Amino acid sequence: MPRSRARSRVRRRGAGCLAATAAVALLAVGCTVEPPTPVADEPVVAAVVSEAQELKILDRVSGVVAEADRADEARSLASRLSGPALAMRQAELKVAAAEVDGTRLTDLSLEMQQVVLPSEQGWPRSSYGIGVQPKGKGTPVLAAFEQASAREQYKLWGYVQLLPNTTMPRFADPALGSPAVAADDTTLKATPEAAVAQYASVLTVGERSQYAGAFTDDDELRRLLRSYGKLQVDAIEAKDGKGAFKIAYEPTKDPVKAVRTVDGGALVLGAMISQETVRAEERWKLAPLTPSARALWADTEQTNVVRVVYRDMVALYVPPADSDAPVSLVGHHRVPYAVAND
Amino acid sequence: MVQRFLAILLILAGLGGIGFGVATATVLRESDTVVATATPSGDGTMVVTEPGVLGLVDDQVTVRATVPEGQKVTLALGSDVDVLGWVGDDPFDSVTGLSSWETLSVAPGTAAAPEEEAAEGEETDEAPAEKPSTGPDPAGSDMWISEVSGETTVSMRWTEQPGRVVLLAAGVGKNAEAPTLELTWPRQASTPYLWPGVLGGALLLILGVFMAIGARRSAKRSAGKGRSPSAVRTRQPDPDLPRRDAAFGIDGEGSSPAGHEPAVGFPPALGDPAEGGTAVYPPVRPELPGRDRPELRPVQSPVQSPVQSPMPRPEPDLTEPEHTRSWGAPAPFGGAAPITPPPVPEQAPEPVAAPVASVRGIRRRRGQAPGAAPAAGAQPPAQRTPFGGTAPEQGPAPSETPSAAQADQADPAASAASGRPMTRRELRMREQAQRRAATGAMPAVPAAEPEPEPEAEQPQTPSSRAAAWRQTWGVTGNDGGN
């Protein structure tokens with residue numbers, strides 16, 4: 001009897017041990033935690049380029065520009081410049097190489113006081129920057145950048161010098177990003193593409209243009225062209241000749257770039273080509289007036305005709321369709337790139 | 001019997017609980033890091049994580065990508081839109097999460113959103129123009145927040161930020177393969193079961209022990225009733241009772257037999273040490289000294305608290321271990337052999353701390369002492385300020401150069417003082433110890449200089465000395481000001 005009791009005690013003890021072990025094992029199993037599942041932040045409305053990224057981009061672009069300036073060669077520009085900006089900078093470098101009295105390169109150090117960042121998630125993406133006031137004379141630069149596709153880099157697409165005393169339209173916060181405006185956007189007083197074409201017409205024929213009414217009465221560029229033409233004609237007439245100055249503007253095939261402003265309008269950048277012709281009487285021998293054109297002219301034979309072809313870029317503010325404000329010029333840039341004597 | 005079994009069960013469960021609690025904090029403790037690996041499956045050359053995967057376990061993640069030996073691999077971090085836009089129509093693997101704590105789940109990636117595909121039109125013309133086996137290199141894109149390229153293995157760290165940042169890992173070049181991705185997160189390896197396990201186990205254990213005691217006692221009681229002879233037998237050899245009985249003149253011989261035995265059931269509970277009682281009382285006894293200890297402490301603490309009393313103790317206590325402990329460098333007092341090492345490491349930590357300036361500060365203070373004694377001496381922290389003291393103009397120039405070396409020696413003390421206050425006396429002790437250690441190999445110059453310093457210090461108000469002493473003893477009343 002005692003033996004059986006002892007045996008049962010042993011058995012019970014064993015059962016107890018087993019139970020305890022099982023409990024521990026269960027606890028151990030119970031405490032293993034399942035791996036978490038990823039929780040992604042919801043997509044938010046924000047610029048697709050951060051300001052930090054934009055600064056990096058600006059640095060890289062200006063670095064390439066500076067390098068090309070130093071080496072005085074335009075080939076390396078293509079890695080960070082595209083479209084009208086590439087053509088214009090190449091023209092500038094060409095003039096700079098021909099010029100004897102130093103260069104007239106546009107300052108593209110790209111130190112910005114304000115950036116306008118894209119909000120579209122797709123490509124191409126465009127960003128803009130408004131430069132700081134340069135130390136010497138001159139006005140800030142407005143530059144446009146484009147990333148044509150995801151695997152390409154941001155490249156300087158175009159740049160203009162802002163007009164003196166210009167008030168830039170307001171843009172959305174860089175953190176939010178500003179939407180691009182399509183070339184045929186109809187919410188504006190004129191579609192961006194049309195605005196550039198109309199402005200070309202206004203520049204060419206002035207007040208006689210049918211679009212003159214849509215633009216500000218007069219602007220810096222039109223005054224400049226008028227006075228420049230007058231200067232040349234006066235120079236001829238001062239010597240009892242008869243001279244004529246003609247200028248023709250024409251948008252290039254480059255697509256225009258436009259970005260929405262806070263008021264619903266758009267800032268539009270468009271590339272143009274202009275050709276100015278100074279014509280005197282038969283026997284006259286003319287030479288270009290401006291140093292840059294003269295540098296290109298070099299030893300071209302002088303005739304009674306001076307034809308200079310420019311690459312132009314204009315920046316226009318196009319107000320929303322329901323606005324009373326006219327389309328206005330905010331900046332422009334022109335670089336001579338070819339001369340002819342016929 | 002059931003009670004005993006239950007007691008054993010409880011004890012076992014208690015031990016098990018304690019063991020389990022300890023085990024969760026040791027053997028079963030989770031690793032401090034989570035390392036998960038993604039092995040690419042598809043035929044693409046790129047692996048992209050889904051938004052949220054990088055911050056899955058912790059904000060800090062270390063990413064490591066490995067490709068076959070000699071191949072190039074690039075890691076890039078960008079927003080999901082940018083990364084998927086860059087990947088475009090090329091096949092890629094998508095890391096969707098953790099399938100286990102060691103494995104990342106990988107699925108063939110889905111192409112970017114339609115609008116992006118449309119935008120990618122021109123670019124996809126270029127990419128497939130290359131051999132499909134040539135992995136495009138995302139390195140250098142303006143869009144990346146961070147990137148790293150290298151051969152075979154590259155790694156980068158990333159602190160997760162708000163937003164949808166994803167990782168692009170790409171094998172680059174000809175015959176490139178998608179890299180194997182390894183994400184490592186730190187993890188707070190908590191031990192939530194340690195204390196519940198230990199405490200709960202202890203409780204069970206105690207319960208079990210008590211139950212065992214109870215069981216044994218009741219068993220004994222029943223045994224006492226049932227098997228009185230055995231109780232008698234155990235009683236008989238006991239030398240005390242009979243003798244006492246004899247001393248009292250009681251007829252012990254007659255009283256001892258069974259007639260007394262029924263009462264035996266009670267006496268053990270009252271403190272009879274015999275029999276099973278020995279197993280019962282030991283657990284009780286340790287509690288008594290424990291109860292005593294708190295009574296002892298108040299006796300001890302007054303010994304420490306009179307620290308505030310002016311100066312009686314410091315001098316006689318010189319050799320007491322507490323003193324050495326107070327600035328953590330017991331070696332100087334330990335004896336000849338261990339003396340030498342400590343000064344060396346202690347000089348090392350203070351190489352740049354403007355030794356000359358500090359010496360100057362000391363001197364200047366000494367010079368000022370007669371005039372400014374009350375003010376300076378009143379504050380115990382004043383002892384420290386001189387070391388960092390500026391205004392070196394007042395420092396006597398002539399004796400500066402010889403004391404430069406000594407300054408280095410004095411300065412460790414000063415630096416020690418900055419951490420833990422140090423009195424002049426301690427300083428002197430150190431000096432002596434160092435001198436002793438140097439056994440005459442060092443010139444007597446250092447010995448000569450520091451000696452007067454404590455003397456110079458003493459003319460100051462006794463309160464400063466008391467304060468210094470207090471600081472030495474770790475009485476922190478004055479530390480608030482530092």
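Naming convention: chains lettered A, B, ... in sequence-line order (proteins, then strands); numbering from 1 in each chain. Computed from a predicted model, the values in this text were never measured in an experiment.
- Between A/R151 and B/D137, none of the side-chain N atoms (NZ, or NE/NH1/NH2) sits under 4.0 Å from a carboxylate O, so this pair counts as no salt bridge.
- With a 4.5 Å cut-off on non-hydrogen atoms, A/V49 does not touch chain B at all.
- With sequence neighbours excluded, no residue forms a ring pair (Phe, Tyr, Trp, His ring centres under 6.0 Å) with A/Y128.
- Other residues, nucleotides and ligands contribute over 12 non-hydrogen atoms within 6.0 Å of the CD atom of B/E182.
- Contact annotation for A/Q153: both backbone and side-chain heavy atoms come within less than 4.5 Å of a heavy atom of chain B.
- Atom OG1 of residue A/T37 and atom CG of residue B/L98 lie 9.5 Å apart, to the nearest 0.5 angstrom.
- Residue A/R125 comes nearest to B/V81 through the heavy atom pair NH2-CG1, 3.6 Å, listed as atom of the first residue, atom of the second, then distance.
- Per-residue counts of heavy-atom pairs under 4.5 Å with chain A were compared for B/G97, B/P162, B/G197, B/G163; the largest is that of B/G163.
- Using a 4.5 Å cut-off on side-chain heavy atoms (C-beta onward), B/D142 and A/K56 make no contact.
- Residues that satisfy the side chain to side chain contact (heavy atoms under 4.5 Å, CB included) test with B/T96, not counting sequence neighbours, are B/E50, B/S94, B/S105, B/A107.
- What you find for A/A150 and B/W86 is that their closest heavy atoms are O-CD1, 3.3 Å.
- Listed options B/D82, B/V57, B/V53 were ranked by heavy-atom pairs under 4.5 angstrom with chain A; first place goes to B/D82.
- Heavy atoms from other residues, nucleotides or ligands lying under 6.0 Å from CD of B/E147 number more than 12.
- In this structure, the side chains of A/Q147 and B/M143 come closer than 4.5 Å at one or more pairs of heavy atoms.
- No other option in B/S79, B/G52, B/S99, B/P138 has as many heavy-atom pairs under 4.5 Å with chain A as B/G52.
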